[in-house]
Amino acid sequence: MTADEKFALAGAASAAVRELAMAGLRVRYPKAGERELFLRYAFLTIGPEATARIYPDAQQFVGA
């Protein structure tokens, strides 16, 4: 497998994991809008402290 093929495969796997995580969030928070889902995904990937620093509107979802 070439380096380009490995890179493409890793990108596809990363996208698949992201989509699974988003699907799980949609199940857990069925009334959430896209922004809330985005922020909740950020909590999962970079943590609540970094999310709150980068996205001030995330504060409303901390602990929710």
Side-chain angles (χ1 to χ4, degrees):
M1 186 179 293
T2 68
D4 285 345
E5 290 170 331
K6 290 177 184 177
F7 185 74
L9 187 59
S14 180
V17 168
R18 185 173 35 259
E19 287 304 312
L20 283 171
M22 291 299 289
L25 288 169
R26 285 186 185 94
V27 169
R28 289 173 66 186
Y29 305 99
K31 295 180 182 179
E34 287 304 310
R35 181 65 178 176
E36 180 180 347
L37 291 170
F38 169 80
L39 293 171
R40 289 188 183 280
Y41 180 75
F43 287 145
L44 293 174
T45 56
I46 64 174
E49 295 84 17
T51 301
R53 263 195 327 272
I54 297 166
Y55 307 105
D57 60 325
Q59 292 290 336
Q60 60 188 316
F61 304 115
V62 173

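- Applying the side chain to side chain contact (heavy atoms under 4.5 Å, CB included) rule to R35 yields the partners F38, L39, Y55, D57; only residues at least two apart in sequence or on another chain are considered.
- Pairs of residues two or more places apart, or lying in two chains, that qualify as side chain to side chain donor-acceptor pair (under 3.5 Å) and include a residue from residues 5-16 are T2-E5.
- Taking Ile, Leu, Val, Met, Phe, Trp and Tyr as members and joining any whose side-chain heavy atoms lie under 4.5 Å apart, directly or through other members, the hydrophobic cluster of M1 also contains L9.
- If you take CD on E34 and CZ on R26, they are separated by 5.0 Å, rounding to the nearest 0.5 Å.
- In this structure, the side chain to side chain contact (heavy atoms under 4.5 Å, CB included) partners of A32, at least two apart in sequence or on a different chain, are Y29, E36, L37.
- When all heavy atoms of A58 and A52 are compared, the pair lying nearest together is CB-CA, 4.4 Å.
- For D4, the salt bridge (charged side-chain N to carboxylate O under 4.0 Å, His left out) test picks out no residue, with sequence neighbours left out.
- The side chain to side chain contact (heavy atoms under 4.5 Å, CB included) search around E49 returns R53, not counting sequence neighbours.
- A distance of 5.5 Å separates CG of L25 from CG of L44, quoted to the nearest 0.5 Å.
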Under the side chain to side chain contact (heavy atoms under 4.5 Å, CB included) criterion, do T45 and T51 qualify, and how do the steps go? CA-CA 9 Å; T45 56; T51 301; over 6 Å; no
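- When all heavy atoms are compared, the tightest approach of P48 to F43 is CA-CD2, 3.6 Å.
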